[in-house]
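Comments concern the structure below.
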Amino acid sequence: MSFPLKRMRRLRKNKKIRDMVSETVLTVNDLIFPIFVKENIERPEPIQSMPGNYRLPIEHAVKEAIELTELGIPATILFGIPQEKDEIASQAYAKNGIIQQTVREIKRELGDRLVVITDICLCEYMSHGHCGIVEGGKILNDPTLKLLAKTAVSHAEAGADIAAPSDMMDGRVLAIRKELDKEGFEDVTIMSYAAKYASSFYGPFREAAGSAPSFGDRASYQMDPRNVEEALHEVELDIREGADIVMVKPALAYLDILYRIKTKFKVVTAAYNVSGEFAMIKAAAEKRWIDEKRVVMETLTSIKRAGADIILTYFAKDIAKRLK
Ligand code: PBG
């Protein structure tokens with residue numbers, strides 16, 4: 001059948017019909033809100049390039065976590081900004097490190113009412129800002145694995161539900177899984193940043209976390225934006241090593257990657273709507289060049305439509321309020 005017997009517009013004629021036949025649903029259960037916690041500060045510090053986001057003292061991070069539960073958001077991912085950085089990222093796995101303290105406080109307050117995910121990476125804790133141990137200008141893979149596994153265990157001891165390695169060292173998922181299991185944390189989930197690209201969309205995050213590399217870039221460990229087969233390979237390896245959830249990052253410039261991963265592996269797949277994607281929308285909206293609310297909804301719906309089961313986004317609170 002074709003026109004004039006067939007008319008596509010019949011299913012678009014009013015909002016009720018459009019809602020009935022809609023194929024993609026975005027719900028608050030799909031969202032993860034990132035929180036930045038900073039050691040030894042009294043008051044929240046606004047992040048210039050991420051309007052509405054702050055580096056928080058621990059007490060405020062706990063308040064923020066409570067707000068998330070009130071909004072119905074199921075999970076947060078925590079990023080720590082330590083006071084002291086060194087060449088072995090000791091604050092990443094310190095018993096009383098900023099993340100360990102924050103996880104304990106949030107869990108004491110909320111228990112199972114909020115899923116607490118911790119980003120497992122060393123860049124925020126290294127004086128040089130790279131995600132691994134540096135020797136002679138090179139980022140070493142295998143010695144870094146031990147520190148990542150140690151970090152994951154220390155977060156688990158504090159009560160974290162999900163470990164999210166974002167460093168892109170080879171073999172980190174296996175190293176973390178083994179160490180977690182050895183220490184009795186076989187229930188801790190691993191959400192790996194499996195296809196993480198060496199992207200310029202992380203700029204605002206690096207301002208927020210003070211984690212820009214002091215020399216070179218991350219191209220020797222994060223993925224080349226030109227590659228897609230390689231992303232499938234990365235995901236396959238992470239699944240084999242024990243990842244429960246795989247992630248694509250950034251989201252928008254990589255929706256094709258997300259689609260292919262979901263189609264091929266059919267595992268739980270997350271997408272990170274990163275800081276630069278957030279900043280672009282905020283900046284254009286501030287100039288009144290776009291309608292922020294509509295653009296945000298359209299953007300997140302597109303990530304869901306491409307195959308994401310879960311979306312990490314700085315817009316999570318805004319959307320939760322609107323979906324209520
Ligand atoms: C740590 C990490 C980064 C992000 C999440 N974890 C920065 C980076 O790899 O440089 C970026 C998140 C964002 O831009 O919102 N490695």
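Whatever order the structure lists ligands and atoms in, that order sets their numbers, starting from 1.
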Hey, can you pull the donor-acceptor pairs under 3.5 Å for the side chains in residues 158-166, sequence neighbours left out?
from	atom 1	to	atom 2	distance (Å)
D161	OD2	K107	NZ	2.8
D161	OD2	V116	N	2.7
S166	OG	D119	OD1	3.1
S166	OG	D119	OD2	3.1

**Complete:** protein heavy-atom neighbour closest to atom 14 (O) of ligand 1 works out as S275 OG, 2.7 Å
**Request:** Could you tell me if any non-hydrogen atom of F278 lies under 4.0 Å from any atom of ligand 1?
**Result:** no
**Item:** Residue, atom name and distance, where the atom is the protein heavy atom closest to atom 9 (O) of ligand 1
**Value:** K196 NZ, 2.7 Å
**Message:** Give me the nearest non-hydrogen protein atom to atom 5 (C) of ligand 1 as residue plus atom name, then the distance to 0.1 Å.
**Reply:** K249 NZ, 2.7 Å
**Request:** With heavy atoms under 4.0 Å as the rule, classify the contact between D119 and ligand 1 as side chain, backbone, both or neither.
**Result:** side chain
**Fill in**
From the list I311, I73, L31, side-chain contact (heavy atoms from CB on, under 4.5 Å) with I319 holds only for L31
**Asked** Is any N or O atom of E124, backbone or side chain, closer than 3.5 Å to an N or O atom of ligand 1?
**Response** no
**Request:** Can you label the angle between the Y254 ring and the Y197 ring as parallel, tilted or perpendicular, going by 30° and 60°?
**Result:** parallel
**Prompt:** Given a cutoff of under 4.5 Å between side-chain heavy atoms of I, L, V, M, F, W and Y, with clusters grown through shared members, what are the other residues clustered with V21?
**Reply:** L11, I17, M20
**Prompt:** Short list, please: which atoms of ligand 1 are under 4.0 Å from a heavy atom of C123?
**Reply:** 1 (C), 16 (N)
**Prompt:** Going by the order shown, which atoms of ligand 1 are within less than 4.0 Å of some heavy atom of Y272?
**Reply:** 12 (C), 15 (O)
**Salt-bridge present (E64, K317; N to O < 4.0 Å)** = yes
**Request:** Tell me, please: is S211 in heavy-atom contact with ligand 1, that is, under 4.0 Å?
**Result:** no
**Request:** Quick one: sort the Y314 and Y272 rings into parallel, tilted or perpendicular, breaks at 30° and 60°.
**Result:** tilted
**Asked** Using a distance-only test with no angle check, is there a side-chain donor-acceptor pair under 3.5 angstrom linking E124 and S211?
**Response** no
**Asked** Measuring from the heavy atoms of R218, does anything fall under 4.0 Å of ligand 1?
**Response** yes
**Request:** Kindly indicate whether the side chain of K85, heavy atoms from C-beta on, has any atom under 4.5 Å from the side chain of M126.
**Result:** no
**atom 12 (C) of ligand 1: the protein heavy-atom neighbour that sits closest, reported with distance to 0.1 Å** = F205 CD1, 3.3 Å
